[in-house]
Structures are given as structure tokens and as C-alpha cells.
Number of protein chains: 2
Amino acid sequence: MASSSSSSDQSPATAIAKAAKSAFEASQLIPSSERVKALHEIKQELENAKEEILEANRKDLSAAQVEVDAGRMSSSLLKRLDLNKGDKWDSMLQGVLDVANLPDPTGIVTYATELDDDLELYRVSCPIGVLLVIFEARPEVVVNIAALAIKSGNAAILKGGKESNETAQLLSKAIQTALSKTSIPSTYIQAIQTRAEVSALLELDQYIDLVIPRGSNSLVRTIQNSTRIPVMGHADGLCAVYLDESADLQKAIRVVVDSKIDYPAACNAAETLIVHRSLVRTIWPEVAKALLDKQVQLLCDPETRSALSNLSPSSYQLAALVHPSTPSSYHTEHLALTISVLTVSSLQEAISHINAHSSHHTDSIVTESEASASAFCRGVDSSGTFVNASTRFADGFRYGFGTEVGISTGRIHARGPVGLEGLVIYKYMLRSKSDKGHIVGEFGSGQGKKQYKHAPIHTSSVPF
Amino acid sequence: MASSSSSSDQSPATAIAKAAKSAFEASQLIPSSERVKALHEIKQELENAKEEILEANRKDLSAAQVEVDAGRMSSSLLKRLDLNKGDKWDSMLQGVLDVANLPDPTGIVTYATELDDDLELYRVSCPIGVLLVIFEARPEVVVNIAALAIKSGNAAILKGGKESNETAQLLSKAIQTALSKTSIPSTYIQAIQTRAEVSALLELDQYIDLVIPRGSNSLVRTIQNSTRIPVMGHADGLCAVYLDESADLQKAIRVVVDSKIDYPAACNAAETLIVHRSLVRTIWPEVAKALLDKQVQLLCDPETRSALSNLSPSSYQLAALVHPSTPSSYHTEHLALTISVLTVSSLQEAISHINAHSSHHTDSIVTESEASASAFCRGVDSSGTFVNASTRFADGFRYGFGTEVGISTGRIHARGPVGLEGLVIYKYMLRSKSDKGHIVGEFGSGQGKKQYKHAPIHTSSVPF
């Protein structure tokens, strides 16, 4: 417990975590309008410090260039570090305003009932507490996550990639300066630099309430293996499109091609195409042609492969892009212009394949049958089950959440694209208005005992 | 992954977990009415097997009696084993019917929006998947948990205390017999006997989606430390009542006494009483007298202790029941007729004490001030914050959930008393009804691109 260690023997991580928890607790008595004010102050402070921040960003970029030249860093990672590229700076600032303008996710009553005359129960949405967010190189994520945490009333400790340390430090300094102009404690948002601090923080479940790793599968699993704190993580995205017996040709081509090529590196891109056997010599070759036209490599089972032998593309192109699949193809998140193709004999076989091989992210059926659509949507155990629509629609902005905290591949608390709602939980407020207060001993089955009333109260906010 | 090990090298735990997952997946295509039918079959089957089950229960009781006689088991544990005591058998059966009659928590649309003409998104409640529930001696919990899992559409693996093994085996045999009379696979509910199986199952996060430990703090923490699977646990219940400056005497006495004595062994009983300094010589001695009348031991700080020196109870009684508190008193879940008492100078100090010492379960303020009530309910970071009401109201039945899965001291997914809602999550179903299907490439900011519409759809069920 907190009291068992004196402040003198605190580790730096403990001091950070305690400061975050205490900032969170203090913030509970501050009106939510102050959090919106803080977001506007942050935008202003970032504008004020723009030159200084971009100068720090140039230092990070130079250091990264040395790594790239030495072959120790990829050039795509370097690109992601650059805060001055295109409209990145402006959209980072606009993002803060967008979050400020979203509806407040806290203080919403989701259940209210009168337990007895003058005894009212309210379930009210509230922040979770202290978030520990661990992410990779892109420095603007510091601002993005800080905005989401502040809007939802959570304190946050942020750890970015070490490549963006100089930039991230100045971004978080600007955020703290902005917070100091409000009544929210400036330790509400803190940045840390080292993995050792992360390891120490993962032990402190008395102060930290949720860990959000944004990065690779291995990052998520490493963290899950090393903490008691709940983890809201995004593991892999192995999405499939299934062409049902009754699939329409045009829908099949459009949905498969978009799911694969719209953004192949995204987690909601399709990695597997499942074809009903009855379509192997009809719709499949047309779909294949459309994919080959976009330079998509096809890893085919024997049936779908042999069906392509008479295709019109040159044999050169077929030889270059069509290859036999292996069992591991169907477990692979290609994240590239590659798709694994499989034949099945039935909808049930497709559903079973997806449940055994997909990452339970998003899977789509192309079908004209209502019965198949319904069975697919219920039978496929994924966070998104789609009908005649691209898997790429699985996204918080597209779903209408206004912003995206991440995509959760977990199955509790939040699943699929997560908006601000994923950063809140609820508490129960119970108020007796009776002259004598309310006690449990007066209720029960004996003589003279009261019964619970459970009369719904229709309200969206707590009246006290 | 599943495919990487052949069935021949499967451990028994892996076979159990795979069977549970596959039963869960199969159940997704079975109408929820079948789950209600299963509950009625279970009640019938338990009635049929009553004599056999009670005979097994007598064996468990005899074996336990040997342990009690040898001083290796408490007699209270033995009492909890007895399935034939009072109305326990009948209320176990009635509980199954009660759960059957609750509203279906699955299939409920909680968000629906039209992303574009003919492109509809539905967020629909659905089961979590496979639950691993670990609990202590009481054998009727097998039936209770099985009913909750079936009603909410989750498969479950159950591990009870070894003291009730004979009984639990026959209870779960009756459940499986009942399931075999429905289209739900009989491996939907499985019972396991050994801790080794639990350890092996805790490794299998690809099959098991949620662990629910119902027992001691140390059980919950041990499990949290040894698995990547999310844990919905109930740790301790260290609840406080705060007597605010404006507290009413009668409300103070009633709320404090009920919170302490209504059921001292419960997690929602009060363990700490916090008294505003201005009440130490007015209301506090009256409250103390009421507690002493009920034989409650008071662990007092110097101020509250010295205020009792002129009390009317005999000095003998004061000496026996009033003792100085120590710092650890305020971290102790007494679970007995004992309460720790502390003086504070302000509401803020009370809130800080509770946030630092309570288990964030349920805390209550006695006050006549709206401002204090509001600040306490927001500032105290607990799952229940009450005004002029006993902490003992924190309970799923009293809250109106019809049943209680448990009380969660976690802060994600479900918090406080958990009803069937705590056993569901949601998935997103997206359907294009357009002639061409829907692709993401047609949306965006460029010329001729479509914009997302996000028009709310008002419905409580999915139309396909």
C-alpha cells in the first residue's frame, strides 16, 4: 500500500505513478469544462512553441538519418518521425480541437432506478483512472493520446519510441505548460523516456489502472505477460473475405479488391480470400484478374490455382504473381499486396476456417442470401462481421466515433474500433432522500419488511 | 496456434479448452430460446438426480467432518458444503428458473448508424466466449454459474473447491445430461477437478477469454499474476462511512450500525468510520453507544477514544470493546464486529483518506449538505458512492439486476455488482444493401468522393 513506503525510498517510477494517481483524484472535483479549456490551451501552447518543437524534431531526424545510413533503421520509420511533413503539424493541432468538440463521455447516466421511495440509484459514466500508454515512433501520438485522456478525464503516463525523444519531451512540456494555466494538475499528463521506467510502472497496479500498448503484436504480448494491470491492446489483424455461393460478381470484385489494396499495411486489410467451390470457375477467375491487374500476389490452394491456367494475363504475369499456398499462408498477416486464397465446400466450412485462423478482427461475406448473411454475422466470432462491404470500413472515424483510441482485439471492456467510450467506466451513486436515511435491515421477506421497488428513473444526468 | 499441435500431443487441459471454444462457436448459430430451454432441462435433471447428488454430498460432508475433527478445516467451511441444509436445494433450483426468466442480455443493439445510403452499422451485444470460473467450497455455485453462463451465451469451465468434488461432479453430470437434450453441445459446461488443470488452462489464452475467480484476495492476485487472460475478480471490500459536518444524528446511527452489523462478513460491510472533528463530542458518542450496544469493537484514534470516556456504558464494557487504533487498522478488512474510527478536519481530508485506504468498493457519506453529497460522490473513487444509505445496498439483487455474477473491484469492463450484462461484450455488424456493395475507396476528401453520413438508426435489434 501507499503508506507502507516513506517518500524517501520511492523509486522514480513510483513517484511518477503516485503523482498521476493523485492528479487523477484531484481532477474528479474539477468540472469537465476545465478539461475542454485545457485542450484549447494545449493547442495554443503548441503554436507558441512550434519553432522550438520543430527544431527538436530536426535533431531526432538527424540522429535517425545516421541510423538509417548505418542500416540500423528503416527509412519508413524515419519518415514517420517527421513532424513537419505535409500537413502533419496542422492536423495534429486540428485533432486537439476535434477532440475538444466531441461530446463529454463522462457524467452520462446509463441505468437509474428507484430502489425504494426516496432511494435513487444512478450508474454514471466516469474515467477509468491512470492510463499507461506505450507507443512507437510517431511523435504526434503524444499530443493525440494526451487529448483523448484529458477529454475522457483520465490521467496518463506516455512512453513513445526512443527515436522521437527530443520531440516528445518538448511536446509534453508544452502540454504541461498548458495544464498549468488550468486548475488541472500538470502531472495529469507525464512523459517517460526509458524502458526501465515502463517495467517499473507495470508493477504498480495500485496506481495504474489500464495499459494501452500501441504497436506490434510482440509489444502487446510482452506487456500482457509482465503485468497484473489490465491491457487494452491491439494484436494482429488477419481479416478474411468470403465469397458465398450466391455472391454477385461485381460486388465480389469491388469488395475483395478494396479490402486488399485500399491500404495493404492496415490491420483491417484482407489477408485471406475464401471462395465457395461453386465459384471457382466462374467468379473466382474474374476476381483474380482484378487482383492481378493491381499487382496483387495470390497464394492459392490447388483448386483456385488450377482455375487460373486459362486466364488472359500473360503467362509471365501468372508465373510472377500466382503461387501455391502453404498451411502457414492462412495464418499470415501479409500487410502487403499478397492474399492467401482457399476453396471451401460450404458456408459452415468458411465460418470454421475463419474462427480457427482469423484474428477475430473483421471478416466480410459477399452474398445475395439473407440467410447466409445472417449466419455469417452470427457464426463468425470477430469484432466486425460485414456483408457486401470492404473490411476497410472497420475504423473509429468511419464508424462515427469522431476519433479512435485504437482497435481492440480483446473481448472485454471494448472490442473493435474504440472511441472515447473505451476510456470510461462507470460508478454507482445511491442517494437516500428519506428523513431517516436508508438501511438494508428494513428490507427482506419477514413480517413488516420492505420490498425493493426497482422503478426505472428516466434521466441522462445525476440530479445531485 | 491451434494448428501447430496435432491432436495426439494435446494435453487434457488443451482438449478441454478446445472443446469449450468449439462448443461456444457452435452455439452462436443456435437461437437464444434454446438456452432458456436448457435451463429448464437442467432444473428437471437436477430434480431427477436429487437423491444421487445428496448422497454424493453426504460423502463430501463425511470427508470434511474428518478434516474438521483433525483441526484441518473450519466448521464454517463444512457448513457451506451442505447442499441439504435449510432451503438450499430448493433455492438452487429456483435460482435456475429465475435466471431463465431474466431478459436475454445478448442480441441488443446499443449503437446503430447509417454510414452511407444503404450501408448500416449495428453494435450488438454478444457473449464473451469461454469463461474459466474458479470458486471455493459451496457446491451450488456450480449450478449458479452454469445458469449464468448459459443464459448469457458463454461456454464455461468450472473449478470448485476440492472439498465439494463428489457433489460438484454429479451436479455437472446432471447439467451435461440436460444439455444433451438440447442442440447446445454438452461440452458447453465442463467441470475440472485439479489445480494442475487450472494452471494449464491459464496458459491457453487462445481458447479462454475471461477468468472469474470467486474467493479470497490471494486467489485473485495469484491468478492475475499467472495469466495473460483478462481476470474479472473481486478483491477485498474495505468500505467506509463518513459522518460529515452536517450529519443528522438519527441517519448517522442507522447508517453506521446497519453498514457494520447487518452482515459483518460481507464485502460491503463497513470497516472504517470517519468522523468530522466537529462531531466528536456531539454525534460520535451517540453513534459509539449504538455500536457498543451491538457488541461492536471500536478501534479509535486518540480523539474519538477520549470522547468516549464519559459514556454511560460500564467502564468494563468500554475497556473490553474500545481500543486504540494503529495505522494498519485503516487498511484492515475486519469482516467481524470491529470498526476502525478516525477523525478528520474536512470533507476533503475524508475523501483523501478513503481514496488512499479503501478498496474502491463502496463508501457512504452521512450529510444534510447537497454540496458535500455531490463532492463526496464525485471525489471518492469507488464503484459505489452513497449518500445517507448503508454500504450494504451494494449488491446486484438490490440494484435490480435480478442476479449477481459477482462484485468486480476492477475498473474496466464491469465495476461494482455485476449482473448478466457483465458477461457480454459486443460485435459490429455492417451490411451494405446497395446494388454494388460498399468500398472504402469511394469515400474521402478528393473530387467525386463520398462523405460519411452517420445518421442514427433507431432500433433495438438487428434487422437481418
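All figures in this text were calculated on a predicted structure; none of them were measured in a lab. Protein chains get the first letters and strands the later ones, always in sequence-line order, with residue 1 at the start of each.
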Exercise. Which residues in residues 421-430 of chain B have a heavy atom less than 4.5 Å from any heavy atom of chain A?
Worked result: B:Glu421, B:Ile425, B:Tyr426, B:Lys427, B:Tyr428, B:Met429, B:Leu430
Seminar exercise, completed: Assert top hit (heavy-atom pairs under 4.5 Å, partner chain B, pool A:Val255, A:Asn355, A:Thr113) equals A:Asn355
For this session: For atom OH of A:Tyr263, decide whether the heavy atoms of other residues, nucleotides or ligands shown that lie under 6.0 angstrom number more than 12.
Result: no
Exercise. Looking at A:Ser383, A:Ala373, A:Ser259, A:Pro127, which has the largest count of heavy-atom pairs under 4.5 Å with chain B?
Worked result: A:Ser383
For this session: Go through the atoms of B:Leu210 and report whether side chain, backbone, both or neither lie under 4.5 Å from a heavy atom of chain A.
Result: side chain
Problem set entry | Residue, of A:Asn225, A:Ile253, A:Leu115, A:Asp395, that accumulates the most heavy atom pairs under 4.5 Å with chain B | A:Asn225
Exercise. Rounded to the nearest 0.5 Å, how far does CD1 of B:Ile261 lie from CD1 of A:Ile439?
Worked result: 8.5 Å
Seminar exercise, completed: Between A:Cys126 and B:Arg415, the two heavy atoms sitting closest are SG-NH1, 3.6 Å
Exercise. Is the number of heavy atoms from other residues, nucleotides or ligands under 6.0 Å of A:Lys294 NZ greater than 12?
Worked result: no
For this session: Below 4.5 Å from any heavy atom of chain B, which atoms of A:Ile128 appear? Answer side chain, backbone, both or neither.
Result: both
Problem set entry | Spacing of CZ belonging to A:Phe401 relative to OH belonging to B:Tyr111, to within rounding of 0.5 Å | 5.0 Å
For this session: Side chain from CB out, backbone as N, CA, C, O: work out which of these in B:Asp262 comes under 4.5 Å of a heavy atom of chain A, or both, or neither.
Result: side chain
Exercise. Side chain, backbone, both or neither: which part of B:His413 has a heavy atom under 4.5 Å from chain A?
Worked result: both
Exercise. Are side-chain heavy atoms of B:Arg221 and A:Asp205 found at a separation under 4.5 Å?
Worked result: yes
Problem set entry | Greatest number of heavy atom pairs closer than 4.5 Å to chain B - which of A:Met232, A:Glu370, A:Glu25, A:Arg392 | A:Glu25
Exercise. B:Val257 versus chain A, heavy atoms under 4.5 Å apart: side chain, backbone, both or neither?
Worked result: neither
For this session: For B:Phe24 and A:Asp381, run side-chain contact (heavy atoms from CB on, under 4.5 Å): C-alpha distance rounded to whole Å, both residues' side-chain angles, the deciding distance at 0.1 Å, then the answer.
Result: CA-CA 10 Å; B:Phe24 167 69; A:Asp381 179 30; 3.7 Å; yes
Problem set entry | Winner by heavy-atom pair count (cut-off under 4.5 Å) against chain A, out of B:Arg378, B:Glu442, B:Gln348, B:Arg123 | B:Arg378
Exercise. With only heavy atoms counted, which part of B:Ile412 is less than 4.5 Å from chain A, the side chain, the backbone, both or neither?
Worked result: both
Exercise. Most heavy-atom pairs under 4.5 angstrom with chain A, which of B:Ser27, B:Ser390, B:Gly107, B:Ser328?
Worked result: B:Ser390
Exercise. Using a cut-off of under 4.5 Å for heavy-atom pairs, which of B:Val387, B:Asp258, B:Asn388 has the most such pairs with chain A?
Worked result: B:Asp258
Exercise. Measuring heavy-atom distances to chain A, does B:Lys21 have an atom under 4.5 Å in its side chain, in its backbone, in both, or in neither?
Worked result: side chain
For this session: Name the region of B:Ser434, side chain, backbone, both or neither, that has any atom closer than 4.5 Å to a heavy atom of chain A.
Result: backbone
For this session: Give, as side chain, backbone, both or neither, the part of B:Ala394 having an atom under 4.5 angstrom from any heavy atom of chain A.
Result: neither
Problem set entry | Which of B:Gln250, B:Arg254, B:Gln28 touches chain A most, by non-hydrogen pairs under 4.5 Å | B:Arg254
Problem set entry | side-chain contact (heavy atoms from CB on, under 4.5 Å) between A:Leu119 and B:Arg398, worked out | CA-CA 11 Å; A:Leu119 183 61; B:Arg398 290 170 196 154; over 6 Å; no
Seminar exercise, completed: Given A:Val124, A:Asp435, A:Thr227, the one with more heavy-atom pairs under 4.5 angstrom with chain B than any other is A:Asp435
Problem set entry | Residue among B:Thr362, B:Val462, B:Asp209 with most heavy-atom pairs under 4.5 Å to chain A | B:Asp209
Exercise. Does any heavy atom of chain B fall under 4.5 Å from the side chain of A:Phe397, the backbone, both, or neither of them?
Worked result: backbone
For this session: Below 4.5 Å from any heavy atom of chain B, which atoms of A:His438 appear? Answer side chain, backbone, both or neither.
Result: both
Seminar exercise, completed: From the list A:Gly384, A:Cys377, A:Gly379, the residue making the most non-hydrogen contacts under 4.5 Å with chain B is A:Cys377
Exercise. Considering residues, nucleotides and ligands other than B:Lys436, do more than 12 of their heavy atoms fall under 6.0 Å from its NZ?
Worked result: no
Problem set entry | Contacting region of A:Thr391 [heavy-atom separation from chain B under 4.5 Å] | neither
